[in-house]
Amino acid sequence: MIARMKKLSFLIYHKEYEAFLEQLRALGVVHVVEQQRGEMDETLQQALQRRASYKTIFQEMQTRAGEKADANVHADVSAEEVVAGYEERKEHIQELNQQLPGIDKDIAQMEVWGNFDWDAVKRLDNAGWHIRFYACPSKEYDAEWGEQHNAIVVKEENAHIYFITVTPGDAQSEEDALEPLRLPSLSLDELKQKRQNTEKLIAQATDDLCEYCRRFCQTLGQANLQLQEDIDLMQVRLNSEWMADGSVILLEGWIPEENEAEVRKFLDASDVYYQIRKATKEDNAPIKLKNNAFVRLYEVLTKMYGMPDYAEFDPTPIIAPFFTLFFAFCMGDAGYGLVLIALGFILKRKLSKSLAGMMNLVISLGIGTTIIGAIFGTFFGVSLMDVDLPEGIKQFMITGKIGDTSYDKQMLLALLIGVVHVCLAMTIKAIVQTVRYGFKEAISNWGWLLLVIGFICTGGLSFFEVISANVTQWAFIIIGSVAGIGIYLLNNLHRNVFLNIGAGLWDTYNMATGLGGDVLSYIRLYALGLAGGMLGGVFNQIAFMVNDAAGPVIGWLLCGLILVFGHALNIAMSCLSAFVHPLRLTFVEYFKNSGYEGKGEAYKPFAAVKE
């Protein structure tokens, strides 16, 4: 749900402004209203740029430091010095890495000629015998060069001949016809040694950088937090309005209703004039979500799309159970659910606090997957219906076809879930429109809701022979007539009736094409679960086939490796699809039919920054 907010306005004497802001920051519950100002203050802009730079470098340093980061903060070292030292070491590593391609190129060039002593070549050159290195296509090489220029073929490779000429100082060399090669000044062994030395320097520089990160990581992190506090303070100052020739300052903000008592106590003790009023639907109040422990795990999904408007409903209580159901449906394996639960508990102890909280979501999804997987009768790709289990347990499993038809029970269940999800979205849309704009502005939504749910319920009662065919016919007529009035005649009371009819026909086209496609989208739940189960079964078959073929010892070893690798791969792929596709069903099918826009502003109180 959305926490109720109250608007706070107060006037502060300019001499007491700075002290008041520090007290307000310590209170930590006031969301300052952002004023529309023109261009951003240059000092603030520079601070934001430094903050972005510090944040990026701090994350890099955290990664390099790992779990061995020094918890001490070096007060005698500034953030600029830490950043400069980090960048200097990083650039040194980059320069060393850039040398490797050149060395590799020289090695590749010298490998054709093999290892030889350049000093011997120079001594021959000083004695009057000049050695030149050449390369030419094989078809262009003239065998007579051997007699004419003392040409010696060293190697023939890739349709090229590599040769040298040994000529006295006054003799004609082949360089009149071919350009001699310019080889590196180091021998092959020296080049390989140079590469090894460069790699050692890179390793040493990398170790030095990691040690530097371990030592100064927290120093930059603390400076980053301090800079963020300075930025927050500058933004609050920017959003303050100076009145009465600068002697009085007006500041506006929002506070949660639950914090009103402590805010009043704080303001009564301060020498300021203030006013508190309730937020209205028209106010652009910031959004603070207030949910129970289970629903709170799924608030990250709501924030991923966008916070609700103050006049809307918080979609998280609906997202939580349905996303869990969708995820479990896509996984569809009780064994995989147990793996997720175990993985969540293990990683929860090893990860940072921020990421450890996400593991509670993983555990929650694992529990749902275990329950749904047991109902679907699948455990690590094994069909539980084929296992010797009591019939009392098997009767709760949803498997197989519907009667004598070719329709799968799980497929029908996915479609029914889709119908319920879409109808719930339409219900919420009608309620929200009524609350925000009044019943007159939501008549069309209620008409469509009556038509869809009324026809579904009537059709279901008729299918199970609860009502007769005659009653069904009259029910369809009455429901369709009442809904049609709202859809085609009263969809907009401020518009001409003929325009309403045209708009109603257009809505009918959109509903007819949209609702059907939306419901059919939920078949993906069944398809993904079926694909994961089949792939798990295939890995089982391959593993035990290898076991039978390879013998008792090697067979069991290979069987275990195939099972572990195969199911680990299947779990990874299933988790990816089980997250992405339920997210799509939520963000597209549900949010579209519920009219959710997600354009609200998150509640961010002016407070001391915490890690």
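All heavy atoms count here, side chains included; hydrogens, waters and symmetry mates do not.
A perpendicular orientation is assigned to the rings of F579 and F323, their planes being inclined by more than 60° (bins at 30° and 60°). The aromatic rings of F20 and F10 lie perpendicular to each other, with more than 60° between the two planes, well past the 30° mark. A perpendicular orientation is assigned to the rings of H567 and F380, their planes being inclined by more than 60° (bins at 30° and 60°). Taking the six-membered ring where tryptophan is involved, the planes of F322 and F326 are tilted, since the angle between them lies from 30° to 60°.
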Item to check | Worked verdict on E260 versus K278 for salt bridge (Lys or Arg N to Asp or Glu O under 4.0 Å) | outcome: CA-CA 11 Å; E260 181 181 358; K278 285 186 177 181; over 6 Å; no
Next on the checklist: Under the criterion salt bridge (Lys or Arg N to Asp or Glu O under 4.0 Å), I'd like the reasoning laid out for K194 against E190: C-alpha separation, chi angles, the key distance, then a yes or no.
Outcome noted: CA-CA 6 Å; K194 182 179 179 181; E190 291 173 334; over 6 Å; no
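Both tests hold for K7 against W254: distance to the six-membered ring centre under 6.0 Å, angle to the ring axis within 45°. Geometric assessment of R4 against the ring of Y310 yields a positive cation-pi assignment under the 6.0 Å and 45° thresholds.
Between Y298 and F294, the ring centre distance stays below 6.0 Å. Here Y54 and F58 keep their ring centres 6.0 angstrom or further from each other. In this structure, the ring of F606 has its center no less than 6.0 angstrom from the ring center of H31. Under the 6.0 Å cut-off for aromatic ring centres, F379 and Y336 do not qualify, their centroids lying 6.0 Å or more apart.
Residues Q275 and S9 bring no donor and acceptor atom of their side chains to less than 3.5 Å of each other. A donor-acceptor contact closer than 3.5 angstrom is absent between the side chains of D207 and Q204.
The minimum heavy-atom distance between I255 and L8, with the atom names listed, is CG2-CD2, 4.2 Å.
Within the 3.5 Å criterion, the main-chain N or O of I93 finds a donor-acceptor partner in the side chain of N97.
A salt bridge links R25 with E22; the closest basic N to acidic carboxylate O contact falls under 4.0 Å. Between K290 and D314 there is no salt bridge, since none of the side-chain N atoms of the basic residue sits less than 4.0 Å from a carboxylate O of the acidic one. In summary, R214 and E211 engage in a salt bridge, as defined by a charged side-chain N under 4.0 Å from a carboxylate O.
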